[in-house]
Amino acid sequence: MRLEPLATTTIHRGTVGEMGSLYTRLLVTDPDGPNAGALFLTWELRLGVADDGGPSFPIWRSLDGGHSWEHLTDVADALGQGNRYQPMMIELAEDLAHLHRGDLLLAGNSIPADGSSTTLALYSSSDGGASWAYESTIDWGGPAIYSPRSDADTTSVWEPDLQVVDGALHCYLADERDKSAGMLQTIARRSSTDLRAWSEKDLICGIADRHHRPGMFVGTGQMPDGVHRAVIEVVGPPEVPIHLLTSDDGIDWGDPSAIGLALVATDGTSISGTPNLAWREVGGEVEMIATGRHSLRDGVAGNRALRSLDLGRTWTSFELPTPAERSLTGDGSGYSQSVRWNAEGDLVHATTVRSPSGSHDVVVTVAAQQD
């Protein structure tokens with residue numbers, strides 16, 4: 001597959017001394033719903049990190065398929081700590097609790113300036129992203145510390161992903177609190193029907209070898225074949241591989257110790273760390289695209305993604321439309337980037353790239369697909 005760039009917009013320019021933006025997350029809304037196909041973008045904006053109340057999650061919107069963007073608002077932390085990490089958004093396809101079809105939900109990680117705790121919080125918008133209300137705390141954990149050691153005692157929670165299944169909101173999260181069971185990190189799930197009270201956590205994926213750390217679950221919802229799919233990263237192996245999980249009903253994901261199919265293209269290209277997954281159906285054919293922070297082939301980092309036309313059984317690789325140099329170490333640009341399709345069928349790519357200032361720019365490219 002080849003891509004012809006149609007428009008590139010720098011949404012945010014990183015400045016000297018600014019910690020680089022990461023975690024660019026796109027949402028494409030239902031063209032037949034209240035948001036009329038509008039695109040939304042949020043990310044980790046590393047400004048105001050030492051201010052009272054900490055940083056906020058920016059909300060940007062495009063009404064023309066990603067060609068131009070407007071800043072709507074910033075979601076400040078209702079807990080007063082700082083909306084620092086890992087925001088993601090969904091649009092409700094049906095009424096849920098006190099919210100209605102077309103309302104938006106956002107989940108992210110609230111962390112104080114001293115990093116002493118991690119709290120996954122839920123917000124809602126009933127006016128097309130212009131304003132946001134705090135709904136509830138989904139889960140909370142210990143300090144925002146990552147340790148790769150086999151004897152690590154960290155207890156953080158990370159990386160919420162929201163899915164609606166059978167009238168309940170499910171939040172998948174990376175959970176470091178099961179060290180006593182030999183699992184450095186697991187993928188857990190909590191659910192809610194009223195967006196206020198949350199269930200006890202379920203174990204979705206975990207390996208009791210004090211080495212492998214599954215995390216960063218990103219789900220598809222139900223696909224045309226009835227199956228739910230998700231990508232996860234597996235930290236531990238040096239290449240940080242991306243795996244594909246499947247569930248017949250979106251509830252039961254099978255044996256928690258099974259980590260699914262490793263994603264490797266027919267040309268030997270794989271993707272590494274911080275995965276994302278998009279899909280669409282066109283003319284009866286389902287197309288899936290998986291991204292990581294960077295691609296890998298023969299030990300060299302690249303700027304490619306993977307594409308499947310057979311529901312994830314086989315994959316090919318292609319160059320992403322936003323030019324970027326990716327590095328194995330020293331630069332985290334591209335972390336948890338995303339792609340989606342606009343109503344015209346063009347691919348929209350939101351990512352971060354290293355800027356001349358030494359920080360990261362947030363860039364969105366719209367590109368026409370040419371098979």
Side-chain angles (χ1 to χ4, degrees), residues 3-29 35-49 54-76 82-91 104 106-109 123 125 128-132 274 276 278 289 291 293-294 303 305 320-326 331-344 346-368:
L3 296 170
E4 178 187 354
L6 303 175
T8 298
T9 305
T10 300
I11 305 292
H12 171 75
R13 294 190 182 277
T15 58
V16 174
E18 176 189 338
M19 293 179 63
S21 291
L22 300 172
Y23 223 85
T24 44
R25 291 305 186 95
L26 283 168
L27 169 66
V28 177
T29 61
N35 295 300
L39 278 66
F40 292 88
L41 171 68
T42 189
W43 70 90
E44 293 178 1
L45 179 60
R46 308 296 183 88
L47 293 177
V49 294
S56 301
F57 294 138
I59 305 294
W60 286 64
R61 182 180 66 181
S62 173
L63 300 177
D64 59 5
H67 289 258
S68 64
W69 292 84
E70 61 176 332
H71 177 224
L72 285 183
T73 191
D74 299 297
V75 183
N83 279 337
R84 288 175 201 277
Y85 292 167
Q86 303 141 6
M88 65 86 60
M89 294 181 289
I90 64 169
E91 179 189 38
L104 306 178
L106 179 149
N109 208 332
Y123 295 83
S125 173
S131 64
W132 295 80
T274 72
N276 212 320
I289 291 180
T291 55
R293 188 179 75 78
H294 56 75
N303 188 40
L320 284 162
T322 306
E325 292 186 9
R326 302 306 189 195
D331 175 30
S333 66
Y335 191 101
S336 201
Q337 60 189 323
S338 58
V339 300
R340 295 293 187 268
W341 292 270
N342 62 23
E344 289 73 37
D346 299 322
L347 192 72
V348 184
H349 176 214
T351 191
T352 51
V353 298
R354 188 75 170 176
S355 66
S357 68
S359 185
H360 293 161
D361 293 342
V362 176
V363 180
V364 178
T365 299
V366 182

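Since the structure is predicted, the reported quantities are computational estimates derived from the model, not experimental observations. For the numbers below, each heavy atom of this structure counts, side chains included, while hydrogens, waters and symmetry mates do not.
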ask   = OG1/Thr29 to CD/Glu91 distance, rounded to the nearest 0.5 angstrom?
value = 5.0 Å
request  = Give, for atom NE2 of His360 and atom OG1 of Thr351, the distance between the pair rounded to the nearest 0.5 Å.
outcome  = 9.5 Å
request  = Look only at the side chain of Asn303 and the backbone of Thr322, and say whether a donor-acceptor pair between them is shorter than 3.5 Å.
outcome  = yes
note = Heavy-atom nearest pair, Arg61 first then Gly128, reads NH1-O, 4.1 Å
task = Please report the shortest heavy-atom distance between Arg326 and Ser333, naming the atom on each side.
result = NH1-OG, 3.1 Å
key: Side-chain (Ser125) to main-chain (Leu104) donor-acceptor, under 3.5 angstrom   = no
query = Is the CZ atom of Arg46 crowded by more than 12 outside heavy atoms at less than 6.0 Å?
reply = yes
query = Between atom CG of Leu106 and atom CH2 of Trp132, what is the distance when rounded to the nearest 0.5 Å?
reply = 5.0 Å
message = Going by ring pair (Phe, Tyr, Trp, His ring centres under 6.0 Å), name the residues that satisfy it together with Tyr123, two or more places apart in sequence or in a different chain.
response = Tyr134
ask   = Counting only heavy atoms not in Glu325, do more than 12 sit closer than 6.0 Å to its CD atom?
value = no
inquiry  = How close do Leu72 and Ala130 get, counting heavy atoms only, and between which atoms?
reply    = CD1-N, 4.3 Å
task = Before giving the answer on side-chain contact (heavy atoms from CB on, under 4.5 Å), spell out for Gln86 and Glu44 the whole-Å C-alpha distance, their side-chain angles and the decisive distance to 0.1 Å.
result = CA-CA 7 Å; Gln86 303 141 6; Glu44 293 178 1; 3.7 Å; yes
message = Does any part of the side chain of Gln337, heavy atoms only, come nearer than 4.5 Å to the side chain of Leu320, both counted from C-beta?
response = yes
query = Looking only at heavy atoms, what is the nearest atom pair of Gly66 and Val364, with distance?
reply = O-CG1, 4.3 Å
request  = Answer yes or no: is there a donor N or O on one side and an acceptor on the other, between the side chain of Asp361 and the main chain of Val363, under 3.5 Å?
outcome  = no
inquiry  = So which atom in Ala305 and which in Ile289 form the shortest heavy-atom distance, rounded to 0.1 Å?
reply    = CB-CG2, 4.3 Å
request  = State, yes or no, whether a side-chain contact exists between Val75 and Ser56 at a heavy-atom distance under 4.5 Å.
outcome  = no
note = Rounding to 0.5 Å, atoms CG (Leu45) and CZ (Phe57) come to a distance of 10.0 Å
Student check: side-chain heavy atoms of Val28 and Val348 closer than 4.5 Å = no
query = Looking at Pro5 and Pro321, what are the two nearest heavy atoms and their distance?
reply = CG-O, 4.2 Å
request  = Give, for atom CD of Glu70 and atom CD1 of Ile59, the distance between the pair rounded to the nearest 0.5 Å.
outcome  = 12.5 Å
task = Would you sort out whether Met89 and Arg25 count as a side-chain contact (heavy atoms from CB on, under 4.5 Å), showing the intermediate values?
result = CA-CA 8 Å; Met89 294 181 289; Arg25 291 305 186 95; 5.9 Å; no
query = When you check the side-chain N and O atoms of Glu18 and His12, is any donor under 3.5 Å from an acceptor?
reply = yes
Criterion side chain to side chain donor-acceptor pair (under 3.5 Å) against Trp43, the qualifying member of Ser338, Ser336, Ser21 = Ser21
query = Does any non-hydrogen side-chain atom of Asn276 lie less than 4.5 Å from one of Arg340?
reply = yes
inquiry  = Please report the interatomic distance OG1(Thr352) to CG(Leu22), rounded to the nearest 0.5 Å.
reply    = 5.5 Å
message = I'd like to know if the side chain of Thr9 pairs up with that of Trp69 as donor and acceptor (distance under 3.5 Å, no hydrogens or angles considered).
response = no
From CA spacing to verdict: side-chain hydrogen bond (donor to acceptor under 3.5 Å, both in side chains), Thr365, Thr8 = CA-CA 4 Å; Thr365 299; Thr8 298; 3.3 Å; yes
Donor + acceptor pair across side chains of Ser357, Ser359 (<3.5 Å) = no
